[in-house]
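What follows is a set of notes on a single structure, which appears directly below.
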Amino acid sequence: MATIPDKPGLEGLEATWGKRWEADGIYRFDRARPRAEVFSIDTPPPTVSGSLHVGSACSYTHTDTVARYQRMRGRAVYYPMGWDDNGLPTERRVQNYFGVRCDPSRHYDDDEFEIPAKAGSLPSGHRAVAISRKRFLELCERLVAEDEVKFEALWRALGLSVDWQYTYTTIGEGARRTSQRAFLRNLARDEAYQADAPTLWDVDDQTAIAQAEMEDKETPGAYHRLAFHRSDGSGDVIIETTRPELLAACVALVAHPDDERYRPLFGTSVRTPLYDVEVPVVAHRLAEPEKGSGIAMICTFGDVTDVTWWRELQLPTRTIVGKDGRILASPPNGLASDGGRARYEEIAGKNVKQAQQRVVEHLAETGEMLGEPRPITHPVKFYERGKRPLEIVASRQWYIRNGGRDAERREAFLQRARELHWVPPYMKQRYDSWVEGLTGDWLISRQRYFGVPIPVWYRVDGEGNVDHDDRVVPDESMLPVDPSAEPAPGYDESQRGKANGFVGDGDVMDTWATSSLTPLIVTAWADDDDLFARTYPMDMRPQAYEIIRTWLFSTVVRSHYETGTLPWKHAAISGWVLDPDRKKMSKSKGNVVGPMDWIEKYGADALRYWAASARPGTDTAFEEAQLKIGRKLAIKVLNVSKFVLNAAGDATLEVDAVTNPLDQSMLAQLGGVVREATAAFDGFDYARSLERTEAFFWRFCDDYVELVKTRSYQTGTDASASAAAALLAALATLQRLFAPILPYASEEVWSWWRDGSVHCESWPDPAELGDPAATGNPLVFDVAADVLGAVRKAKSEAKVSLATPATRVVVRDTEARLGALALAASDVVAAGKIDELVTEAAAELSVTVTLGVAG
RNA sequence: GGGCGGUUAGCUCAGUUGGUUAGAGCGCGUCGUUCACACCGACGAGGUCGGAGGUUCGAGUCCUCUACCGCCCACCA
């Protein structure tokens with residue numbers, strides 16, 4: 001026990017208690033406890049991108065309040081923390097921060113790169129230095145290590161009750177091993193496969209991307225009206241396109257089967273403008289008669305609909321756009337005419353924008369474009385972090401089956417969502433609509449470097465050709481492996497790339513392919529069966545709604561495959577933090593507020609208070625005013641605790657000593673608050689628990705404490721003992737009710753009079769308040785507070801001090817309420833400085849106050 | 001085009017199965033330094049609950065339609 005400071009304050013509580021908690025290990029997971037007594041949390045690993053904004057602090061606080069509640073309910077809380085450091089965001093940061101680019105063909109020993117003394121401040125016009133893959137990965141690891149230290153410091157200051165003995169990174173050895181093991185098992189069960197197919201391709205990052213990473217952006221474009229020529233010479237067919245540069249990739253025209261205008265053309269062929277290639281006119285239900293001229297050109301590949309047509313109508317392939325986003329050097333099959341080849345030569349090597357310009361010039365020359373291009377704005381598909389539109393190119397990639405091509409699997413994943421408890425429930429809609437709209441399997445391979453390698457090698461035949469169907473996979477005991485650095489099992493490194501040798505798969509997995517395994521990574525699946533059995537399936541997945549289609553869905557997929565279960569019982573979905581202008585906070589908008597600055601200014605409890613005011617799933621605006629209120633609440637907790645402990649003197653917390661009806665009434669109401677707060681937290685609604693606790697707390701301070709103040713000073717009497725016991729019982733309850741939200745202030749005041757940490761105490765139970773709470777009449781406190789309020793009002797309206805005596809107070813009210821008032825009359829008289837209190841029966845409350853002479 | 005969420009005091013939000021005069025905090029105004037708290041307290045003003053219709057003895061709460069805001073999915077020639 002500690003002494004109570006003369007002037008309690010919030011300053012320094014974070015440092016003091018942070019150290020104590022760490023030293024005492026109060027958040028350590030007790031892994032001796034059986035599964036039924038464990039509460040395990042699949043914390044989102046924050047993307048290590050240099051800084052965390054106040055929105056992150058908000059959602060992590062939500063999780064922490066639940067963790068603290070469950071801990072107080074007696075569960076062994078398994079609360080690990082991870083860092084999402086693998087993947088493209090880190091690569092991009094390394095490229096910009098150090099001014100480098102990865103060239104996999106370089107050797108480590110040849111690198112001439114030196115880490116700049118003052119990184120991050122590259123001179124303008126600096127050209128990226130090419131470095132080897134190995135050195136590039138070193139820089140990635142170095143940068144994320146720095147960030148992870150900063151992140152942990154913030155989380156600790158914020159008071160997250162994480163067990164820091166259990167941390168992981170998505171590029172760490174455990175994550176790599178788990179990712180590769182899960183992948184190999186997917187492969188063995190045919191849940192993963194490789195295919196050479198059209199894929200969404202980001203030309204800047206030079207990698208394939210998944211449907212989930214794609215987003216639409218409104219982009220300027222233009223309709224071009226182009227004339228195709230009927231092969232029988234009977235005239236032209238006019239189509240409209242926004243991508244005339246793909247004309248050379250045209251493989252057919254398509255119209256709706258019921259479209260009378262084009263029905264006669266089905267089965268015939270037309271010749272393309274400029275290139276004079278003969279293409280068929282085909283029918284397909286996806287062609288829309290209302291769009292453009294009602295007939296469209298199919299190119300390989302202009303957009304995802306082209307892919308559908310190409311596949312379903314079994315059209316040939318005429319690829320003209322390369323992986324670098326430029327027109328391929330050699331013309332596609334079928335482009336035979338001299339004029340066509342000459343024109344193609346002029347666009348070869350250009351990027352699509354330049355090529356479009358040249359093609360339009362050609363069309364103008366030949367007169368095959370009707371009128372001028374008509375500018376429009378239309379949605380175009382982009383990689384969510386990309387600068388240029390996606391292209392679709394055919395390439396060999398790895399996929400995991402996610403129901404996108406398979407109704408049975410799709411239904412299985414929809415069923416999983418029904419089994420999951422969603423908080424709030426309507427968030428399930430996002431999952432359902434995403435799964436129902438899937439158009440293909442999940443593409444997991446990326447042509448990048450800082451990720452988990454695909455653990456596969458391919459045999460090279462006697463002629464030196466790679467046979468992608470002749471795979472070599474590692475034994476699970478070898479994991480993790482890096483096929484581009486280690487030889488395939490049974491081979492020697494000298495055989496790499498040689499005839500009768502091997503090559504390694506050079507791709508890495510998408511970051512979601514690893515993140516989707518976080519429940520398996522943190523519970524040490526197949527690595528530590530004991531820990532796994534005690535923590536999996538997990539209890540809670542907290543996450544933001546924007547990544548339901550990625551993280552949540554993909555996690556459900558992987559757990560379904562590996563363990564045949566849901567990965568967790570509850571998904572708690574948090575909203576966004578908006579800036580005060582109701583825009584989503586983001587670094588690019590420059591409106592990010594640093595959480596650490598706010599913690600220093602108002603205290604961690606204040607920031608947590610603001611966070612905990614946002615109900616689960618709802619967006620919330622950042623408001624400095626809310627921090628001030630939280631700070632005020634935390635300070636009030638300190639001050640009222642100090643008063644109560646002083647007023648109680650030597651009294652001990654003995655609820656049976658609570659004999660006064662007003663005291664019993666207060667405890668009865670408090671018991672109701674405990675029940676509500678408990679129910680709210682059981683439903684993950686920290687905001688409701690806080691609201692109820694806070695509302696009662698202010699009534700407790702403003703009314704109850706004022707009412708019993710005088711009586712509590714009459715030491716040595718039963719009346720005083722009753723007040724002291726009730727005050728202490730309420731204090732012990734309130735301090736614990738606040739503990740999950742305001743861990744620092746709660747711990748501070750707890751330490752003034754109790755042993756041990758409040759965070760290891762049991763959550764309050766109404767039964768602790770005993771018979772007084774069970775039998776107390778809630779009305780007594782209400783009526784007493786009402787009358788006290790009326791007296792204050794009279795004094796306030798008379799503009800006199802509250803210390804001014806009221807010579808006579810007449811209370812008119814119902815019999816029941818007057819009866820309740822009588823039980824607290826002496827306290828009301830004392831608190832209101834009332835000389836004479838008179839009651840009269842009436843239908844409703846009215847109070848007449850006669851004031852004495854002021855002064 | 002399909003769907004989800006929201007709309008309550010100047011601001012931020014509660015309002016749990018429909019039940020008496022719709023709540024809180026902030027802000028604003030007035031008063032007050034009572035021995036926990038001036039990083040304070042007390043009191044007050046302020047809303048026909050987005051709109052229309054319906055069910056009901058009774059609707060902020062249930063139903064239908066509708067407007068606006070935000071978002072998801074689909075489409076995107």
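For clarity, every value in this text was computed on a predicted model and none was experimentally measured. By convention in this document, chain letters (A, B, ...) are assigned in the order of the sequence lines, proteins followed by strands, and residues within each chain are numbered from 1.
Checking B:C39, B:C26, B:U12 against the side-chain heavy atoms of A:R631 singles out B:C39 as nearest. Between B:A77, B:C26, B:C11, one nucleotide has an atom nearer to the side chain of A:K632 than all others, and that is B:C26. Listed candidates were B:U34, B:C37, B:C73. Nearest to the side chain of A:S433 is B:C73. For A:T242, whose side chain is taken as the heavy atoms from C-beta onward, the closest listed nucleotide among B:A42, B:A77, B:A36 is B:A77. Relative to the side chain of A:D702, the nucleotides B:A36, B:C26, B:G41 differ in distance, and B:G41 lies closest. Looking at the side chain of A:E691, the nearest of the listed nucleotides B:C43, B:A14, B:C11 is B:A14. Relative to the side chain of A:W434, the nucleotides B:A74, B:A77, B:U16 differ in distance, and B:A74 lies closest. Ranking B:C43, B:C26, B:C37 by closeness to the A:E797 side chain, first place goes to B:C43. Side chain of A:Y426, nearest nucleotide from B:A36, B:C4, B:C43: B:C4. Side-chain proximity of A:Q429 to B:A36, B:G3, B:C71: nearest is B:G3.
Checking the phosphate oxygens (OP1, OP2) of B:A38, a side-chain nitrogen or oxygen of A:K7 falls inside 4.0 Å. At the phosphate of B:A24, neither OP1 nor OP2 sits under 4.0 Å from any side-chain N or O atom of A:Q626. OP1 or OP2 of B:G44 lies within a sub-4.0 Å distance of a side-chain N or O belonging to A:K793. Using a 4.0 Å cut-off, some side-chain N or O of A:Y713 falls inside it from OP1 or OP2 of B:A36. For the OP1/OP2 pair of B:C73 and a distance below 4.0 Å, the side-chain nitrogens and oxygens of A:R549 include at least one atom meeting the criterion. Residue A:K799 places none of its side-chain N or O atoms closer than 4.0 Å to OP1 or OP2 of B:A42. At B:A36, none of the side-chain N or O atoms of A:K636 fall inside 4.0 Å of OP1 or OP2 (strictly under the cut-off). Of the side-chain N and O atoms in A:R688, one or more sit less than 4.0 angstrom from OP1 or OP2 of B:G15.
A straight line from CE of A:M427 to C1' of B:C71 spans 9 Å, rounded to a whole angstrom. With rounding to whole Å, A:L638 atom CG is found 14 Å from B:C39 atom P. Between the CZ atom of A:F697 and the P atom of B:A24 there is a distance of 18 Å, given to the nearest Å. Following rounding to the nearest Å, A:R615 (CZ) and B:G6 (P) show an atom-to-atom distance of 12 Å. With rounding to whole Å, A:D685 atom CG is found 13 Å from B:U16 atom P. Regarding A:Y545, its OH atom lies at a distance of 13 Å from the P atom of B:G6, rounded to whole Å. Summarising the geometry, the separation between NZ on A:K628 and C1' on B:G25 is reported as 14 Å, rounded to the nearest angstrom.
Heavy atoms of A:I629 sit under 4.0 angstrom from primed sugar atoms or phosphate atoms, though from no base atom. Among the protein residues, A:E288 comes within range of the nucleic acid bases, having at least one heavy atom under 4.0 Å from a base atom. Among the heavy atoms of the strands, none lies under 4.0 Å from A:S293. When heavy atoms are screened at a 4.0 angstrom cut-off, A:E215 is found touching no nucleic acid atom at all. No contact: A:I238 has no heavy atom under 4.0 Å from any strand.
In the model, A:Y545 has a side-chain atom that pairs as donor or acceptor with a side-chain atom of A:D619 under 3.5 Å. Looking at A:E312 and A:H284, their side chains do bring a donor and an acceptor atom within 3.5 Å of each other.
Base pairing of B:G46 is not made with any nucleotide, judged by Watson-Crick or G-U wobble geometry with both donor-acceptor distances under 3.5 Å. Under the Watson-Crick or G-U wobble criterion, with both distances below 3.5 Å, B:C39 has no partner in any strand shown. B:A14 is unpaired under the Watson-Crick or G-U wobble criterion, no partner having all donor-acceptor distances under 3.5 Å. With a cut-off of 3.5 Å on both pairing distances, the Watson-Crick or G-U wobble partner of B:C4 is B:G70. With a 3.5 Å ceiling on both atom-pair distances, the Watson-Crick or G-U wobble partner of B:U64 is B:A52.
Taking 4.5 Å as the limit, some side-chain heavy atom of A:F228 sits within range of a side-chain heavy atom of A:I239.
Across the interface with RNA chain B, nearest-nucleotide mapping of A:L788 and A:K709 shows A:K709 to be the residue nearer the 5′ end. If you find the closest nucleotide of RNA chain B to A:R692 and to A:I239, the one lying nearer the 5' end belongs to A:R692.
In A:E815, the CD atom is not crowded: 12 or fewer heavy atoms of neighbouring residues, nucleotides or ligands sit closer than 6.0 Å.
Nucleotides B:C13 and B:G19 have their P atoms positioned 24 Å apart, rounded to a whole Å.
Put simply, the residue from A:F697, A:Y609, A:F700, A:Y686 that forms a ring pair (Phe, Tyr, Trp, His ring centres under 6.0 Å) with A:F738 is A:F697.
A salt bridge is absent between A:D306 and A:R243; no separation between the charged side-chain nitrogens and carboxylate oxygens falls under 4.0 Å. At a threshold of 4.0 Å, the pair A:K628-A:E623 does not count as salt-bridged, since none of the basic side-chain nitrogens sits closer than that to a carboxylate oxygen.
Residue A:C58 holds its SG atom at 8.0 Å from CG of A:L607, rounded to the nearest 0.5 Å.
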